[in-house]
Amino acid sequence: MKTPILEGRKITKTYGGVLALFRVDISLHAGEILGLIGPNGSGKTTLFNALSRVISVDDGHIFFRGQDVTTMRPYQIARMGLARTFQVIRVYRKMTVLENMLISRSWRNVRPWDLLKPSHHEAYRRAWELLEFFHIAHLAHMPAGALSGGQRRLLELAMASMPDPDVFLLDEAMSGINPTLIEQIKERIIEMQEQHGKTFLLVEHNIQFIADLCDRVVVLHQGQVLAEGTPAEIVDNDAVVEAYLGV
Ligand SMILES: Nc1ncnc2c1ncn2[C@@H]1O[C@H](COP(=O)(O)OP(=O)(O)O)[C@@H](O)[C@H]1O
Ligand SMILES: [Mg+2]
């Protein structure tokens with residue numbers, strides 16, 4: 001099989017006495033949509049934080065594009081083409097949607113204030129293109145704080161897309177969103193994968209969403225990988241059902 005684009009090997013992370021992750025292996029292959037599920041507190045966000053280098057790990061290694069990135073800074077791995085969103089939405093509420101888009105590009109050796117000048121054509125062009133792709137161009141001049149939860153999730157995806165990353169880690173991108181917007185986000189993700197070759201790792205509680213989108217699913221339980229397989233295999237797995245329902 002091909003080398004994974006992103007890989008965690010034997011990742012262990014403790015918080016005080018709490019074992020958040022224990023020897024977790026995870027591989028993400030270029031062009032796939034991988035689902036990460038598990039009960040609350042099973043370590044999903046911690047694994048995202050480890051993979052995107054937001055937290056350091058106690059043990060284990062992280063590889064991105066075949067390179068050991070275990071000790072890299074988050075901005076360095078972002079520059080290599082990895083984007084992530086957070087469980088709690090992070091947008092600048094008082095800035096407009098368009099301004100939020102423009103500052104999302106600031107790590108590309110451009111000073112943030114340059115991006116707010118109308119002369120910065122390329123950034124503007126890309127921001128508008130993405131706002132249109134995510135169907136939020138009509139909100140461009142609204143303060144981001146005035147958007148609905150679902151619209152903000154779309155904005156967050158659009159912002160994450162500004163530097164044109166190859167890999168997206170999305171942490172509960174669908175929580176608290178109405179079904180129409182969920183459909184819209186789903187369509188966008190499929191289009192990004194199918195037409196632009198993007199790779200996704202999704203944490204999601206909505207099993208239907210996972211089943212519709214993912215080629216493969218990894219189940220975490222108490223900081224360890226409990227199961228891995230196709231969505232159909234996972235919903236048929238007794239250990240998974242037990243972990244979720246506690247029966
Ligand atoms: N910053 C932190 N400090 C202390 N404990 C944490 C921290 N982050 C996560 N944990 C603990 O690690 C475990 C896994 O949490 P988390 O990764 O957030 O799970 P999930 O995203 O699957 O709900 C939980 O027991 C949680 O309380
Ligand atoms: Mg979480």
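Just follow the structure's listing: the first ligand is 1, and inside any ligand the first atom is 1.
Selection from Gly41, Gly43, Ser42 by nearest heavy atom to atom 13 (C) of ligand 1 gives Gly41.
Within the structure, the salt bridge (Lys or Arg N to Asp or Glu O under 4.0 Å) test picks out the following pairs touching residues 17-42 (sequence neighbours left out): Lys10-Asp25, Glu32-Arg216.
Residue-to-ligand polar distances keep Ala20 apart from ligand 1: every N/O pair is separated by 3.5 Å or more.
A donor atom on one side chain and an acceptor atom on the other are found under 3.5 Å apart for Thr45 and Asp171. Defined by atom type and a distance below 3.5 Å, a donor-acceptor pair is missing between the side-chain atoms of Gln184 and His135.
Residue Val18 touches ligand 1 through its side chain alone, judged by heavy-atom distances below 4.0 Å.
Taking Lys186 as the reference, Glu183, Asp212 meet the salt bridge (charged side-chain N to carboxylate O under 4.0 Å, His left out) condition, with sequence neighbours excluded.
Close approach to Asn40 involves these atoms of ligand 1, each under 4.0 Å from a residue heavy atom: 23 (O). Set against the non-hydrogen atoms of Thr46, the atoms of ligand 1 under 4.0 Å away are 9 (C), 14 (C), 15 (O), 16 (P), 17 (O).
The backbone N or O of Ser161 lies less than 3.5 Å from a partner atom in the side chain of Arg126, making a donor-acceptor pair.
For Thr45, the nearest N, O or S atom to the Mg ion (ligand 2) falls under 2.8 Å.
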